[in-house]
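Following: one structure in structure tokens, then a few remarks.
In listed order, ligands and their atoms are each counted from 1.
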Amino acid sequence: MGYAATDMRKPIIAANWKLNKGPSDTEDFIKSFENKLADLPKGVDIVLAPPFVSLPKATELLAHSKVRVSAQNMSEKDNGAYTGEVSAFMLKEIFVNYVILGHSERRAIYGESDEMINAKILKAHEVELKPIFCIGETLQEREDGKLEDVLRTQITGGLKNVTEKQALDTVVAYEPVWAIGTGVTASPKQAQDAHEFVRSVLTDLYGVSVSEKIRIQYGGSVKADNAAELLGQKDIDGALVGGASLEASSFAELIKNGVVE
Ligand code: 13P
């Protein structure tokens with residue numbers, strides 16, 4: 001098992017560090033992780049998403065690496081009286097490549113709506129930052145039989161006015177809220193079924209030749225020991241990893257197990 005690279009979609013594995021690792025911990029991680037890169041599969045995009053203050057350190061240390069850097073959020077505004085915000089242009093200025101948008105923690109704790117996430121996605125594309133666009137249902141929504149409605153609403157809302165070309169530069173991350181940080185992982189079948197549905201909504205929006213090329217990551221308690229089975233599923237094109245990405249060795253092992261070459 002594991003992700004067997006196809007021409008169609010290159011797998012992408014991203015580390016979402018959330019509120020962990022200031023600049024010096026970021027430096028320690030990157031130095032240790034870079035030593036392990038030679039042993040990792042080549043046909044995979046690897047992305048690290050540290051907190052804002054650690055981004056300059058990460059992009060500086062990774063300037064000549066294949067490892068890319070992502071922010072965990074950004075403002076949809078360019079500048080002005082928005083205390084505490086960071087703009088897309090500021091992220092570009094420090095050579096950030098990706099930005100995680102619409103994470104369930106941003107939706108649930110900070111009240112981000114589909115409209116707000118959509119504005120951020122459009123802004124990211126305007127400056128050629130690649131969004132990692134997160135969607136996912138709560139346990140209650142799944143138990144109430146609303147999984148497909150919730151995902152369809154999030155996808156169509158988040159991708160409103162996003163062009164075909166921009167959609168191809170968007171990574172979708174399916175993260176069932178009940179599997180995040182809980183140690184409970186969606187079964188490979190549950191994850192594959194949801195991914196297949198997500199792709200079908202993308203097909204409705206953009207047609208099959210585009211939707212077949214859009215990468216859909218799974219997130220929610222992905223670890224070294226379940227990565228192979230999850231990434232082995234047909235519509236799972238990578239992982240967005242929280243807890244298991246905080247140690248360089250466990251993150252490297254997860255990548256090694258998840259992607260077969
Ligand atoms: P865990 O891997 O810790 O469950 O977190 C998943 C996640 O939220 C990644 O964005």
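Taking every heavy atom of G220 and a limit of under 4.0 angstrom, the matching atoms of ligand 1 come to 4 (O), 6 (C). Every atom of ligand 1 with a heavy atom of E175 under 4.0 Å away is listed here by number and element: 6 (C), 7 (C), 8 (O), 9 (C), 10 (O). Near S221, meaning under 4.0 Å from any of its heavy atoms, are these atoms of ligand 1: 1 (P), 2 (O), 4 (O). Atoms of ligand 1 lying under 4.0 Å from any heavy atom of A179, numbered from 1 in the order shown and given with element: 4 (O).
Heavy-atom minimum distance, F33 versus L40: CZ-CD1, 3.9 Å. Of all heavy-atom pairs spanning I132 and A14, the tightest one is CD1-CB, 4.3 Å.
Heavy-atom distances between K18 and ligand 1 reach below 4.0 Å in at least one pair.
Annotation: G242 places an N or O atom under 3.5 Å from an N or O atom of ligand 1; distance criterion only. For the pair G181 and ligand 1, the shortest N or O to N or O distance falls below 3.5 Å.
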I'd like a table of donor-acceptor pairs (distance under 3.5 Å, sequence neighbours excluded) in which one partner is a side-chain atom from residues 188-197, with atom names and distances.
unit_1	atom_1	unit_2	atom_2	d
K189	NZ	D193	OD1	3.4
K189	NZ	D193	OD2	2.6
Q190	OE1	S187	N	2.9
Q192	OE1	K234	N	3.4
Q192	OE1	D235	N	2.8
Q192	NE2	E196	OE1	3.2
Q192	NE2	D235	OD2	2.8
H195	ND1	D235	O	3.0

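Contacts with ligand 1 closer than 4.0 Å are made by heavy atoms of both the backbone and the side chain of I180.
Among all non-hydrogen protein atoms, the one lying nearest atom 3 (O) of ligand 1 is G243 N, 2.8 Å.
Looking at E85 and K77, no side-chain N of the basic residue comes within less than 4.0 Å of a carboxylate O on the acidic one, giving no salt bridge. Note on D78 versus K123: salt bridge recorded, some NZ/NE/NH1/NH2 to OD/OE distance being below 4.0 Å.
Listed by first then second residue, pairs satisfying salt bridge (Lys or Arg N to Asp or Glu O under 4.0 Å) with a partner in residues 201-225 read D45-R215, R152-D204, not counting sequence neighbours.
For the residue pair E137 and W178, a side-chain donor N or O sits within less than 3.5 Å of a side-chain acceptor on the partner.
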